[in-house]
Asker: 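Next up is a structure, given as structure tokens.
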Amino acid sequence: MADIRIHDKIFSPFISAESIQERVRDLAAQINSDYKDKNPLLIGILNGSFIFAADLFRSLTIEAEISFVKLASYKGTSSSGHVVTAIGLEEELHGRHIIIVEDIIDTGKTLHSFLPGLHQRQPASVKIAAFLTKPTALQYEVKADYVAFEIENKFVVGYGLDYDGQGRNYPELYQLKEEFLQGL
Ligand code: XMP
Ligand code: MG
């Protein structure tokens with residue numbers, strides 16, 4: 001596989017489509033076994049998770065539902081200076097088993113801000129499925145329960161993840177080339 005160019009940057013092949021599909025099927029198998037007869041509600045965080053969520057959901061053989069939210073983040077007056085509002089989550093969550101589906105947990109800030117509001121709606125349980133985590137970048141206490149790949153702290157694109165809007169449609173994952181890291 002060859003390097004790709006997106007806007008001004010060059011990315012190298014990182015994880016193949018075959019490896020991704022294999023790991024996603026592994027996670028689905030775990031969820032099938034953990035959530036049998038629980039009818040979990042998967043909640044995909046837009047935009048980045050839509051491809052992972054679709055593949056994961058398609059591999060589930062148990063009774064399950066899926067919905068999506070868009071998180072709008074802005075500077076608020078809270079002590080953290082960071083407020084997240086969820087747009088589009090209209091389902092009744094009370095008593096439901098929730099699986100949040102994220103493309104990547106980087107610092108953990110996004111999910112750390114989103115989780116308290118979710119718990120207020122009294123779900124029966126909340127777990128997190130992340131396609132990627134960057135353990136060395138984590139700054140907030142967020143623990144993913146299902147992880148396809150733990151990666152080093154480098155910028156990646158493909159399989160739903162973008163660089164400035166582009167690159168989401170690649171079926172494999174690409175990593176930013178070292179010499180182009182400046183300015184990110
Ligand atoms: P936090 O820091 O809140 O970040 O956990 C999560 C969000 O940051 C974006 N992100 C990336 N997007 N390649 C991307 O395309 C990356 O390597 C990357 N790292 C973080 C992403 O939107 C994610 O939901
Ligand atoms: Mg995202």
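Owing to the predicted nature of the structure, the values given are computational and were not obtained by experimental measurement. Ligands are counted one by one from 1 in listed order, and the atoms in each one are counted from 1 as well.
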Asker: Check each atom of ligand 1 against the heavy atoms of Thr110 and keep those under 4.0 Å away; list them by number with element.
Answerer: 1 (P), 3 (O), 4 (O), 6 (C)
Asker: Can you sort out which atoms of ligand 1 are near Lys109, meaning under 4.0 Å from one of its heavy atoms?
Answerer: 1 (P), 3 (O), 5 (O)
Asker: Please indicate whether any nitrogen or oxygen in Gly108 is less than 3.5 Å from any nitrogen or oxygen in ligand 1.
Answerer: yes
Asker: Quick one: which ligand 1 atoms are inside 4.0 Å of a heavy atom on Glu102?
Answerer: 24 (O)
Asker: Relative to ligand 1, is Asp103 under 4.0 angstrom through side chain, backbone, both or neither, heavy atoms considered?
Answerer: side chain
Asker: Under the criterion side-chain hydrogen bond (donor to acceptor under 3.5 Å, both in side chains), I'd like the reasoning laid out for Tyr174 against Asp3: C-alpha separation, chi angles, the key distance, then a yes or no.
Answerer: CA-CA 8 Å; Tyr174 293 82; Asp3 287 358; over 6 Å; no
Asker: Assign the ring pair Tyr163 / His7 to parallel, tilted or perpendicular, where the plane angle (0 to 90°) is split at 30° and 60°.
Answerer: perpendicular
Asker: Over 60° means perpendicular and under 30° means parallel, so classify the ring planes of Phe155 and Phe11, tilted if in between.
Answerer: tilted
Asker: Below 30° counts as parallel, above 60° as perpendicular, anything between as tilted: where do the rings of Phe131 and Phe149 land?
Answerer: perpendicular
Asker: Between Tyr159 and Asp55, is a side-chain hydrogen bond (donor to acceptor under 3.5 Å, both in side chains) present by the stated rule, with each step listed?
Answerer: CA-CA 10 Å; Tyr159 200 65; Asp55 283 350; 2.7 Å; yes
Asker: Using a strict cut-off of 4.0 Å, indicate which atoms of ligand 1 neighbour a heavy atom of Lys134.
Answerer: 16 (C), 17 (O), 18 (C), 19 (N)
Asker: Under a heavy-atom criterion of less than 4.0 Å, does His112 contact ligand 1?
Answerer: no
Asker: Taking the side chain as C-beta and beyond, is there a heavy-atom pair between Asp145 and Asp34 under 4.5 Å?
Answerer: no
Asker: Check whether any heavy atom of Gly48 sits under 4.0 Å from an atom of ligand 1.
Answerer: no
Asker: Considering non-hydrogen atoms only, spot the tightest contact between Glu91 and Leu41 and give its length.
Answerer: CB-CD2, 4.1 Å
Asker: Report yes or no: does a heavy atom of Val157 sit under 4.0 Å from some atom of ligand 1?
Answerer: no
Asker: Would you give the length of the straight line joining atom NZ of Lys38 to atom NE2 of His97, rounded to the nearest 0.5 angstrom?
Answerer: 5.0 Å
Asker: Heavy-atom contact check, 4.0 Å cutoff: does Gln139 meet ligand 1?
Answerer: no
Asker: Hey, mind stepping through Arg96 and Glu65 against salt bridge (Lys or Arg N to Asp or Glu O under 4.0 Å) and telling me if it holds?
Answerer: CA-CA 11 Å; Arg96 295 298 306 266; Glu65 297 171 24; 3.3 Å; yes
Asker: Say whether Tyr163, considering both its backbone and side-chain N or O atoms, lies within less than 3.5 Å of an N or O atom on ligand 1.
Answerer: no
Asker: For Leu161, counting its heavy atoms only, list the atoms of ligand 1 lying under 4.0 Å from any of them.
Answerer: 12 (N), 13 (N), 14 (C), 15 (O)
Asker: Using a 4.0 Å cut-off to any heavy atom of Asp162, which atoms of ligand 1 qualify?
Answerer: 14 (C), 15 (O)
